[in-house]
Amino acid sequence: IGFAFPLAFEHGARKQYRRILQDLAADLKRLTGIAIDTSPSINESRACVNAFGSFNGETFLVADMGGGTLDVALFSYDPDGAMRQHQMGSLRYAGELCVDALAVHLGLPDDTNALREAIGRGESARKYGKDVAERVVTQFTTIAFEYLRVMVAAYRAKQDRPEEPIRLVLVGNGWHLAEAFS
């Protein structure tokens, strides 16, 4: 069984993750007799691009916005199908930060759980008002997209291919905040 690890995991966290998975495999063998091999050898962004299949000569920017981080990775495929990783990064800028800012803006700093639950149920726009929340969420996602734009511009300048199309892949629940209030 292959497992992908979050891009934000540093070496120590990946090592701990691997140990947890090895313990799980040992427990499964003891309880069921089924032996599995765990291989957490790929980050989530690369696993996401690999899931698309083989794309010769194409470039992808994966932006994985979860609850705590915005993980970004830029990959390209050579014409022979070989994948190259160009840039990677992780920012502590994600969904929970937006929810906290939204709660303060809506006057609910002590009730972020209610706001979070309303977003999860698809009731946030009706319950808290669309206009004010949409403005905050739009500002939040605009900053994230500006970071992605700068990353693409840096890649294009370095590669000297200013017109090369880059496929943007948005992954993670953080991006769904824009949907919640629009």
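The first residue in the sequence is number 1, and the count goes up from there.
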Quick check: closest heavy atoms across [X] and [Y], and the distance to 0.1 Å?
| X | Y | answer |
| --- | --- | --- |
| Ser76 | His86 | OG-NE2, 2.6 Å |
| Ala144 | Met65 | CB-CE, 3.8 Å |
| Trp175 | Ala63 | NE1-O, 3.0 Å |
| Gly66 | Ala94 | O-CB, 3.1 Å |

Honestly curious: do Ile20 and Leu28 fall in one hydrophobic cluster under the side-chain, below-4.5 Å linking rule?
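Different clusters: Ile20 never reaches Leu28 through Ile, Leu, Val, Met, Phe, Trp or Tyr contacts under 4.5 Å.
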
Using the rule that Ile, Leu, Val, Met, Phe, Trp and Tyr join whenever any side-chain heavy atoms are under 4.5 Å apart, tell me whether Val150 and Leu61 fall into a single cluster.
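Each belongs to a different hydrophobic cluster.
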
Using the side chain to side chain contact (heavy atoms under 4.5 Å, CB included) rule, take Phe145 and Leu170 through it: C-alpha gap first, then chi angles, then the decisive distance, then the call.
CA-CA 10 Å; Phe145 277 119; Leu170 303 179; 4.0 Å; yes

Decide side chain to side chain contact (heavy atoms under 4.5 Å, CB included) for Glu58 and Ile166; before the verdict, give the C-alpha distance in whole Å, the side-chain angles of both, and the deciding distance to 0.1 Å.
CA-CA 7 Å; Glu58 292 187 286; Ile166 297 175; over 6 Å; no

[X] side chain near [Y] side chain, heavy-atom distance below 4.5 Å:
| X | Y | result |
| --- | --- | --- |
| Tyr77 | Thr59 | no |
| Leu70 | Arg92 | no |
| Tyr128 | Leu115 | yes |

What is the distance from atom [atom1] of [X] to atom [atom2] of [Y], rounded to the nearest 0.5 Å?
| X | Y | atom1 | atom2 | value |
| --- | --- | --- | --- | --- |
| Lys29 | Leu24 | NZ | CG | 14.0 Å |
| Ile36 | Leu21 | CD1 | CG | 8.5 Å |
| Gln16 | His11 | CD | NE2 | 12.0 Å |
| Ile119 | Lys127 | CD1 | NZ | 11.0 Å |
| Leu168 | Arg149 | CG | CZ | 13.5 Å |
| Leu91 | Ile143 | CG | CD1 | 11.0 Å |

For this output row, return yes or no: ring centroids of Tyr147 and Tyr93 closer than 6.0 angstrom.
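Ring-ring flag for Tyr147/Tyr93: false, centres at least 6.0 Å apart.
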
Could you list the donor-acceptor pairs under 3.5 angstrom formed between side-chain atoms of residues 96-109 and any protein atom two or more places apart in sequence or on another chain?
unit_1, atom_1, unit_2, atom_2, d
Glu96, OE1, Arg116, NE, 3.1
Glu96, OE1, Arg116, NH2, 2.7
Glu96, OE2, Arg116, NE, 3.2

State which residues pass side chain to side chain contact (heavy atoms under 4.5 Å, CB included) with Ala82; sequence neighbours excluded, sorted by chain then number.
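Counting only residues at least two positions away or on another chain, Ala82 forms a side chain to side chain contact (heavy atoms under 4.5 Å, CB included) with Asp78, Asp80.
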
Using only atom types and a distance under 3.5 Å, with no angle test, would you say the side chain of Thr69 pairs donor to acceptor with the backbone of Asp71?
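No; zero donor-acceptor contacts below 3.5 Å.
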
